[in-house]
Structure formats: structure tokens, C-alpha cells
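To start, the structure itself, in C-alpha cells.
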Amino acid sequence: MPYKILAIDSNHECLNTGLRDAGFIVDEDYTSSKEIIEQKIADYDGMIVRSRFPIDKDFLAKATNLKFIGRVGAGLENIDEDFATNRGIILFNSPEGNRDSVGEHAIGMLLMLMHHLRRADNEVRNGIWKREENRGDELKGKTVGIIGYGNMGNAFAKRLQGFDVDVICYDILPNKSNQYATQVSLTEFFQRAEVVSLHTPQTPETSKMINVEFISNFHHSFYFVNTARGKSVVTKDLVEGMRSGKILGAALDVLEFEKSSFEKLIVSELPDEFQYLIQADNVVLAPHIAGWTHQSKIKLAE
């Protein structure tokens, strides 16, 4: 009897086609509520998910035959990993699939921020021609610090080659240095970094990590880039850092106020700190699309 797999999030067709060609039975349900899917999940040996709803303990308890979950993406925070592991469910993710996209996107947002391209573009479209006011800041000669040096951090560091920058990284795991970045202690990171790019997964340790205390430890004022997870940043503290001049500008592909599905903002009435980000000239925003390219959609599924 072939394994039965339930895909609850749509992905590139090569995923389901490939599984069927390999002999699996693949059912698709992209619209039913979590409660309805819970009623039938016991019939399946595997699941394919992105982030439509949390795969929590209650859901997994009903998945009595589940042997694996494949997550089309890098992070597994939407799955109760400990409970799944205790039940013998194997978890697969695909961090290699969108690392190239994230690396390019982070570079693009950083350059857009440092050279005032968002503001300048908007001004020219409105008939405003300001040159001196939009004088940029060069990346060359700066020390770029990467927090979290896995697939995404490596992809970003690789794309910094040729910019004549010093690249350092901080990671909780040892021996992460390679030809693209030198691993340093957190103390040295605080002393040297002039650009900070976040590439950590969402875990209890990284939740609210970028806060007032963390920001105050930096010796230099710095540019901040986040293409990782919004909940790693306390937005109120980030805004205070920008108001004080400690943070020169922020490029944010992800926000604290996103739903866990990443499909929309979690609040209808946006708090004051988000209103500040919307109006600030030294902020570049995107709707969680760093890993969202035509090419990454295929690679993630593969």
C-alpha cells in the first residue's frame, strides 16, 4: 500500500508531481479549515505544509499514522518540533531552496537603504529633484556583521564579495568561519559591526532578541537589515534606536506584526511604532518576500 500524503499548502507543481511519480498518493486540500483537516489527518502517512496554520500538539495528536512532515521553506517554528519528534514524526525543511533569493534580496534592500533609493524614486515620480539631500553612503570599507551563519547568512556573505567590506559573523554554533566571513565573539561583534543583517531562525532564544539592551551594546551607529523573522525584533526598541541615531536606517522584509502564516499583518490598527516605520525616510519595507522568487518556488519544492 503506497504512502498517502496530504498537501495543505499550494506549491510548485513539481513537488506533487514528483511525489506521485515516485509512487505516493497525494491529496490536496488548500481551503478546508484546520478543524476539518484534523478530522481526516489520521488517514495520512505524510503532510506537505508551508505556514497556513500551526501544526500544534492537538493537531499532531490526531495524526496517529503520520510519519513525516515536509515544510516548503526554511523555518519550522510553526510545527511543535518536540512533540512531533517524540511521536517519531520526521521533519523535513528546505533552507537551500530560497537562500539565493534571500541573499540577493538582503543586498538589494541594503543598497536601497544606504543610497536613499526608495525616497529618491518617490521624489522623482512626484516631480521633486533633490541631489544633495539624497547623497548616499558607500558600503565599501565598512564592517558587515551577520547574526546567524547558516544557509541564509552564507548566501548573503557570498554576495558581499567584491564590495570591499570586512564580513564578520556571530553564531551560537562554533567553527562557522569560511571564505566569506570570520566568526567572532558577540563582544567583538558589538565592537566592530557597522551593518547588521539578521539571519536567525525563530526560536525561544531569538524571540525579541533585537531589543534596547542589544542595540545599546553596539559601539558604532549601524544599518539594520532583517530578512529572517519579524518576532526577533522589538519594533518599539528598534524605533527608539533610530530616533536616537544609533540605528542609521532599517531594511525590513519581515515585521513583528505579521501573522504566523506570513500572509498578512496581524493588526488592523497599526501601533505608533509601525506608523513611524511607514513614514520614516530611512526605512525600506517589504511584505516577507526575500525568499519569494520564481526560481526559489521551484527549488523549494524540489
Side-chain angles (χ1 to χ4, degrees), residues 51 54 73-78 98 102 105-114 116-119 122 137 144-148 150 152-153 156 170 172 186 189-190 193-292:
S51 304
L76 291 170
E77 71 270 12
N78 223 32
N98 60 359
V102 170
H105 189 96
I107 290 286
M109 289 193 87
L110 178 59
L111 295 175
M112 189 174 178
L113 178 67
M114 295 179 68
H116 310 302
L117 295 180
R118 184 199 66 79
R119 180 176 67 199
N122 185 62
D137 191 9
V144 179
I146 299 171
I147 302 177
M152 309 304 171
F156 178 58
Y170 172 75
I172 59 173
L186 190 55
F189 191 95
F190 285 138
E194 298 166 280
V195 174
V196 176
S197 190
L198 192 61
H199 297 277
T200 51
Q202 185 174 311
T203 67
E205 290 73 29
T206 62
S207 177
K208 302 184 185 303
M209 177 176 66
I210 310 299
N211 55 29
V212 65
E213 180 181 2
F214 193 90
I215 293 167
S216 67
N217 282 321
F218 285 90
H219 289 216
H220 301 283
S221 294
F222 62 94
Y223 296 96
F224 179 67
V225 181
N226 187 9
T227 54
R229 287 293 185 264
K231 290 179 174 56
S232 295
V233 179
V234 180
T235 309
K236 184 177 180 181
D237 294 351
L238 177 74
V239 167
E240 286 305 311
M242 295 180 69
R243 283 182 166 138
S244 72
K246 193 59 174 283
I247 298 176
L248 298 170
L252 307 173
D253 179 64
V254 291
L255 293 165
E256 182 182 3
F257 312 110
E258 288 180 74
K259 292 179 71 69
S260 60
S261 65
F262 311 137
E263 293 300 322
K264 60 178 69 175
L265 293 173
I266 201 169
V267 288
S268 54
E269 197 168 316
L270 299 175
D272 291 342
E273 53 266 34
F274 188 51
Q275 295 288 354
Y276 175 91
L277 295 178
I278 291 173
Q279 296 167 15
D281 282 337
N282 57 340
V283 174
V284 176
L285 299 171
H288 202 133
I289 55 170
W292 214 248

Measure from the side-chain N and O atoms of Thr206 to the backbone N and O of Met209, and report whether any donor-acceptor pair falls under 3.5 Å.
-> no
Listed by chain and number, what are the salt bridge (charged side-chain N to carboxylate O under 4.0 Å, His left out) partners of Asp137, not counting sequence neighbours?
-> Lys142
Mark yes when over 12 heavy atoms from residues, nucleotides or ligands other than Ile289 sit less than 6.0 Å from its CD1; otherwise mark no.
-> yes
dist Ser221:OG -> Ile215:CD1 (nearest 0.5 Å) comes out at 11.5 Å
Which pairs of donor and acceptor atoms, one on a side chain in residues 240-248, lie under 3.5 Å apart (sequence neighbours left out)?
unit_1: Glu240; atom_1: OE2; unit_2: Arg243; atom_2: NH1; d: 3.4
unit_1: Ser244; atom_1: OG; unit_2: Glu240; atom_2: O; d: 3.4
unit_1: Ser244; atom_1: OG; unit_2: Gly241; atom_2: O; d: 3.0
unit_1: Ser244; atom_1: OG; unit_2: Lys246; atom_2: N; d: 3.3
unit_1: Lys246; atom_1: NZ; unit_2: Ser216; atom_2: O; d: 3.4
unit_1: Lys246; atom_1: NZ; unit_2: Phe218; atom_2: O; d: 2.7

Between Glu77 and Lys231, does at least one N-O distance fall below 4.0 Å, as a salt bridge requires?
-> no
Got a sec, which residues hit side-chain contact (heavy atoms from CB on, under 4.5 Å) with Ala251, two or more places apart in sequence or on another chain?
-> Met109, Leu113, Val225, Val284
Reference residue Val283; test side chain to side chain contact (heavy atoms under 4.5 Å, CB included); the match among Ile278, Val239, Leu238, Leu277 = Leu277
Looking only at non-hydrogen atoms, find the nearest pair between Ala286 and His105 and report the distance.
-> CB-NE2, 4.1 Å
Check each of Asp253, Leu110, Leu252, Leu198 against Thr227 using the side chain to side chain contact (heavy atoms under 4.5 Å, CB included) test, and report the only one that passes.
-> Asp253
Could you tell me the separation between the CZ atom of Arg229 and the NE2 atom of His288, rounded to the nearest 0.5 Å?
-> 4.5 Å
In chain order, what residues pass the salt bridge (charged side-chain N to carboxylate O under 4.0 Å, His left out) check against Lys208, with sequence neighbours excluded?
-> Glu256
Which side chain to side chain donor-acceptor pair (under 3.5 Å) pairs, counting each pair once, include a residue from residues 271-287, with sequence neighbours left out?
-> none
Those residues that, when tested against His199, pass ring-ring contact (aromatic ring centres under 6.0 Å, His included) (two or more places apart) = Phe156
Donor-acceptor contact below 3.5 Å, side chain Asn217 vs main chain Glu213 | yes
Are Phe214 and Val196 side-chain neighbours, meaning at least one heavy-atom pair lies under 4.5 Å?
-> no
